[in-house]
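Accompanying notes for the structure given below.
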Amino acid sequence: MDVATFAAGCFWGVEHEFRKIKGVSEAFCGYIGGHTDGPTYRDVCSGQTGHAEAVEVTYDPAVVSFEQLVEAFFQLHDPTQLNRQGPDVGDQYRSAIFCHNEEQTKLANQIKGRLEKEGAFKKPIATKIVDTKPFFKAEEYHQKYFEKNNIQICH
Ligand code: MHO
């Protein structure tokens, strides 16, 4: 099993979308890329800790490739929005790929570059491709939020 970590706005929907992908065995909501350990949702929402809402995806690379996950990531949100996703505003909602090794960094940059070149989006892609950082799992009520609350979309 391999691990990939994506930030694409409110993590409820991101987790929900990744769980649908064949080959994905686990997807957890959490916080990453800030400067404190073990932040709570409240801390992150204060905007003071610098964390992004993110989803840590565990997948079987024999079934789904990292490239396919990156393609899905670019489809499931609007990567041209800087530090927001629709009504959710702030850098906790930034678009980012947290890469676990050089191969992931290379592939993520390649795909981002190709999408830019193809003009896949009308505006420049704001997604940041960075080295991974400690991932802090979010509170239990944030996991499988859509399923638990019987909702389909975030806003
Ligand atoms: N718009 C949502 C965002 C939730 S999220 C986990 C809300 O304000 O409830 O950031």
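In listed order, ligands and their atoms are each counted from 1. Computation of the quantities below employed the complete heavy-atom set of this structure, encompassing side-chain atoms and omitting hydrogens, waters and symmetry-equivalent molecules. The model shown is predicted, which means the values in this text are computed figures rather than measured ones.
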Go through ligand 1 atom by atom and flag the ones less than 4.0 Å from a non-hydrogen atom of [X].
{"X": "Asp88", "result": "1 (N), 2 (C), 3 (C)"}
{"X": "Trp12", "result": "4 (C), 6 (C), 9 (O)"}
{"X": "Tyr93", "result": "3 (C), 5 (S), 10 (O)"}

Residues that Thr127 engages under side-chain hydrogen bond (donor to acceptor under 3.5 Å, both in side chains), provided they are two or more places apart: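 Once residues adjacent in sequence are excluded, the partners of Thr127 under the side-chain hydrogen bond (donor to acceptor under 3.5 Å, both in side chains) criterion are Ser95.
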Expected output: side-chain Thr105 to main-chain Asn101 donor-acceptor under 3.5 Å: yes
Intermediate values then yes/no, ring pair (Phe, Tyr, Trp, His ring centres under 6.0 Å), Phe73 and Phe6: CA-CA 7 Å; Phe73 160 83; Phe6 300 100; 5.2 Å; yes
Glu53 with Arg94: basic N within carboxylate O range, under 4.0 Å: no
Close N or O approach (His142, ligand 1; < 3.5 Å):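 Between His142 and ligand 1, no N or O pair is found under 3.5 Å apart.
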Phe11, portion touching ligand 1 at heavy-atom distance under 4.0 Å: side chain
Mutual orientation of the aromatic rings belonging to Phe11 and Tyr31 [parallel < 30°, tilted 30-60°, perpendicular > 60°]: tilted
